[in-house]
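Report on one structure; see the data block that follows.
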Amino acid sequence: MKLKSMSFRKKVLILGIPIDALTGAEAVDEVFRLIDSGSQHHIMTPNPEMLVEARRNTAFRTVLNETSMNVPDGTGLKWAAGFYGKPIPERVTGVDLLTGICSKENIPPVFLLGAMPAVAGSAAEKLKQLNPGLKVAGTYSGSPAAGDENDLINRINLSGARVLFVAFGAPAQDLWISRNLKKMPSVVLAMGVGGSFDFLAGTRRRAPACMRSAGLEWLWRLINEPRRFKRIFTAVVVFPLLVLRARARGE
Ligand code: UDP
C-alpha cells in the first residue's frame, strides 16, 4: 500500500455521484499527492449538466464513479450539497484547478489536447507566463473521434508528457481519457478541462467575478452564448428539480 498516496477526503453523494468536499487549494495539494502515488489517475470537475447527463449515460456514470477525484465545478453542486446537509467549502472550476496545478514549481511535463486549432497553444503560452518553469511537452487540437485515437496516443506517448489536460467537452473528453489512459503509461494524471483552454487563450470570456460569486454565471453564459440555452436550462432548472426529487424520495 502506498501510504503517500493515501488521504481521507470527505465526499458528498449528489445524484449518485461522489463529489469531493475540498477547497481549490486542497484540490491542488491532492492532485500532487495523486501525481506522486506511482499509479495513473483520472480526475474530473463535474458540473450540474454532467450529473444530469450521467443519469441516462451509463458509460459516463461509470467513469464519474471510477475517477480519483471529482471537484465541484458549479454553484448548483454547492447548493445541492448544502441542501443535503453536507456542505462543500467552495466551487472549484476546471480552469482554476488547471491553473493552480500548472502554477506549482514541481509540476511534471504537461500536454494540452483539444479545443479549436491554436487555442491549446495559446493556453499553454498563458500558463507559461504564470509559471515560466512549466514544461509543456506538447499541444494539439485533435478530435475525440475514434479514428484519431491512435494518432493522439502516439503524439502524447512520444512527447514525454506526464500530465494530460483534455478539452473535448463533456462527456467526450472523460470517456476519451477513460478509454485511453492505460495506453499512455507515462501519463500519471489526466483531467477533462472543458472550455478551460478557451478561457486561458481569451477566445471565451469568463463571467465577471461579481456574477460568479453571486452564482449568476449561467446568466452570463445565456447572454453571451444563447445557443447554449438547453445546457443552461439543464443546469438551472432540471438539475435542481432532480435534487429536490431525490431528497423527497430519501435517495
Ligand atoms: N471541443 C473539441 N472537439 C470537439 C468538441 C469540443 O475540441 O469535438 C472543445 C471546444 O472547442 C472547447 C472544449 O471542447 O474548447 C469544451 O467545450 P464546451 O464548450 O462544451 O466546454 P464547457 O462549457 O463544458 O467548459
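The basis for the numbers below is simple: all heavy atoms, side chains too, and nothing from hydrogens, waters or symmetry mates. When a ligand or atom number is given, it counts from 1 through the structure's own listing order.
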Could you go through residues 139-147 and list every donor-acceptor pair under 3.5 Å that involves a side-chain atom there, pairing it with any protein atom two or more places apart or in another chain?
unit_1: Tyr140; atom_1: OH; unit_2: Arg155; atom_2: NH2; d: 3.3
unit_1: Ser141; atom_1: OG; unit_2: Ala115; atom_2: O; d: 2.7
unit_1: Ser143; atom_1: OG; unit_2: Ala145; atom_2: N; d: 3.1
unit_1: Ser143; atom_1: OG; unit_2: Asp148; atom_2: OD2; d: 2.7

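- Listed by chain and residue number, the protein contacts of ligand 1 are Gly114, Ala115, Met116, Pro144, Ala167, Phe168, Gly169, Gly194, Gly195, Asp198, Arg204, Arg228, Arg231 (heavy atom within 4.0 angstrom).
- The salt bridge (Lys or Arg N to Asp or Glu O under 4.0 Å) pairs that include a residue from residues 59-78 are Asp73-Arg91, where partners are two or more places apart or lie in different chains.
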Practice item. Starting from the C-alpha separation in whole Å, work towards a yes-or-no answer on side-chain contact (heavy atoms from CB on, under 4.5 Å) for Trp220 and Arg212. Key: CA-CA 9 Å; Trp220 173 263; Arg212 295 208 300 263; over 6 Å; no
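- For the side-chain contact (heavy atoms from CB on, under 4.5 Å) with Phe165, the qualifying choice from Leu97, Leu127, Val193 is Val193, the only one to do so.
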Output a table of donor-acceptor pairs, distance under 3.5 Å, between side-chain atoms of residues 226-240 and any protein atom two or more places apart or on a different chain; print 'none' if there are none.
unit_1: Arg227; atom_1: NH2; unit_2: Glu225; atom_2: OE1; d: 3.4
unit_1: Arg228; atom_1: NE; unit_2: Glu225; atom_2: OE1; d: 3.0
unit_1: Arg231; atom_1: NE; unit_2: Glu49; atom_2: OE2; d: 3.4
unit_1: Arg231; atom_1: NH2; unit_2: Glu49; atom_2: OE2; d: 3.1
unit_1: Thr234; atom_1: OG1; unit_2: Lys230; atom_2: O; d: 2.9

Check your understanding: Are Glu125 and Lys128 close enough, and set up right, to give a salt bridge (charged side-chain N to carboxylate O under 4.0 Å, His left out), and what steps lead you there?
Key -> CA-CA 5 Å; Glu125 276 168 31; Lys128 274 187 84 77; over 6 Å; no
